[in-house]
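Nothing fancy with the numbering, it's 1 onward along the sequence. Computed over heavy atoms, backbone and side chain alike; hydrogens, waters and symmetry mates excluded.
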Amino acid sequence: IANALTLFKVVNAAVAIWFTGPLAWVVMKLIPRRPRPETARIRPRHLDPYFLEQPDLAIDSAVMELHRLGRLVHRMYDQAVPAVTGGTEDELQAILELDDDADLLHEAIVEYLGTLALQDLADPQPERIHAAIASANYLEHIGDVIETSLVKLGRQRLEIGTKLDAATLAALAPVTREAGFALDLVISGFKPDPPLTPAMVAQSKMRFRNAVELCQDTVIDTLAVDKTRMDAYRLVSELLTAMERIHALCRRIAAVLVGE
């Protein structure tokens, strides 16, 4: 079994190295290029074209920008949770503006790494590029969940006039807190110290699942039988689904970072 596992990892690494350049090229072609207005609120700080001649420095610079993207997505998340459950339209709109910023950074990171991937590289540079591109894409997907699911839920709440009572908000709090902690965990993992470990990821998953199950037991089941609160039931159910998607994407980033 040990020999088979070793062989699997070697083959997997070889495939990743061979495909990094073509994959980066495909990703660059698939991402729609958007005009960057002169008044853009955010621009890359670390993607220096000079470093493209020095791959290790270029990858390190991209990871620094990746960490910046992660903090931006985390900011979106922190603002989205209260905005969805009790915020205003202006607060929801502000999240969409942050998402525009995140999209610009994501595009810049992938384009930079894609250009780097087409050059002559030495092991483990292709693997590092592949991991950084995958992480950037997962962060962008988290931003999409916030944009398309959470903001949409918040607007539906405003339109219908849904109100969540204190007990429901209290039951949701551990779920949203654990999802936010998972996001913080993987963003911190972009830096080598302290290192992200599989045990940390497993513990986060266990805490999150427990929080979701407790929320379902104490809130979902109660709301489901109260016909006068079906709007609140739908809001909480869809919010939990969005949290599960965000946590799953965090685990995918963690798998990339720890090499699983």
Side-chain angles (χ1 to χ4, degrees), residues 31-32 34-35 37 39-42 69-107 137-184 208-209 211-252:
I31 295 177
R34 65 181 67 196
T39 57
R41 302 192 313 166
I42 193 167
L69 171 61
R71 298 315 305 175
L72 179 58
V73 172
H74 204 311
R75 183 181 169 193
M76 288 175 59
Y77 178 83
D78 288 342
Q79 293 185 16
V81 171
V84 169
T85 56
T88 65
E89 171 60 29
D90 287 344
E91 290 171 332
L92 294 169
Q93 182 59 38
I95 296 167
L96 297 181
E97 293 174 2
L98 290 177
D99 185 63
D100 289 340
D101 291 343
D103 287 343
L104 285 173
L105 278 189
H106 167 257
E107 178 185 337
N137 288 338
Y138 287 138
L139 283 174
E140 197 268 341
H141 292 337
I142 293 173
D144 285 346
V145 173
I146 295 172
E147 175 193 17
T148 61
S149 295
L150 296 186
V151 172
K152 179 181 177 181
L153 283 175
R155 285 177 165 167
Q156 289 176 346
R157 174 187 58 79
L158 289 172
E159 181 180 354
I160 299 173
T162 305
K163 295 186 181 298
L164 300 180
D165 58 28
T168 301
L169 293 174
L172 280 170
V175 178
T176 58
R177 182 172 59 248
E178 287 301 332
F181 176 79
L183 183 54
D184 188 60
F208 178 76
R209 292 308 314 163
V212 170
E213 290 174 4
L214 180 61
C215 183
Q216 290 173 332
D217 291 342
T218 59
V219 176
I220 292 293
D221 291 345
T222 301
L223 293 176
V225 298
D226 187 348
K227 301 303 181 182
T228 66
R229 303 186 65 194
M230 290 306 296
D231 56 339
Y233 168 76
R234 285 191 292 268
L235 174 60
V236 173
S237 296
E238 293 183 31
L239 181 56
L240 288 179
T241 298
M243 291 296 112
E244 289 175 333
R245 290 173 62 195
I246 289 172
H247 200 278
L249 287 165
C250 288
R251 297 198 302 272
R252 291 185 183 182

Do any pairs count as a salt bridge (Lys or Arg N to Asp or Glu O under 4.0 Å) and have a residue in residues 78-92, sequence neighbours left out, and if so which ones?
->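 Qualifying pairs, neighbours excluded: Glu89-Arg155.
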
I need the [X] [atom1] to [Y] [atom2] distance, nearest 0.5 Å.
X      : Y      : atom1 : atom2 : answer
Lys163 : Thr85  : NZ    : OG1   : 12.0 Å
Arg252 : Ile142 : CZ    : CD1   : 10.5 Å
Arg157 : Glu238 : CZ    : CD    : 13.5 Å
Leu98  : Met76  : CG    : CE    : 6.5 Å
Asp231 : Thr162 : CG    : OG1   : 3.5 Å
Glu244 : Leu240 : CD    : CG    : 6.5 Å

I want to check something: taking the side chain as every heavy atom from C-beta on, are [X] and [Y] in contact at a cut-off of under 4.5 Å?
X      : Y      : result
Leu150 : Leu239 : yes
Gln93  : Val151 : no
Asp184 : Arg71  : yes
Val219 : Leu172 : no
Ile146 : Asp99  : no
Leu72  : Ile42  : yes
Leu105 : Asp101 : no
Met243 : Val212 : no

Okay, side chain of Arg251, backbone of Ala182: is any donor-acceptor separation there less than 3.5 Å?
->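 Answer holds: no.
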
Minimum heavy-atom separation for [X] and [Y], please, with both atom names.
X      : Y      : answer
Tyr77  : Ala179 : OH-CB, 3.3 Å
Val73  : Ala102 : CG2-CB, 4.4 Å
Ile95  : Ala80  : CD1-CA, 3.4 Å
Gly180 : His74  : O-NE2, 3.3 Å

For residues 140-151, pull every pair meeting side-chain hydrogen bond (donor to acceptor under 3.5 Å, both in side chains), keeping only residues two or more places apart or in separate chains.
->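 Matches after skipping sequence neighbours: Ser149-Arg245.
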
When you look at CZ of Arg75, are more than 12 heavy atoms from neighbouring residues, nucleotides or ligands closer to it than 6.0 Å?
->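 Result for CZ/Arg75: open.
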
Is there a side chain to side chain contact (heavy atoms under 4.5 Å, CB included) between Leu139 and His106 once you walk through the steps?
-> CA-CA 8 Å; Leu139 283 174; His106 167 257; over 6 Å; no

Residue list, side-chain contact (heavy atoms from CB on, under 4.5 Å) with Pro174, at least two apart or on another chain |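 Applying side-chain contact (heavy atoms from CB on, under 4.5 Å) to Pro174 gives Arg177, Ala211.
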
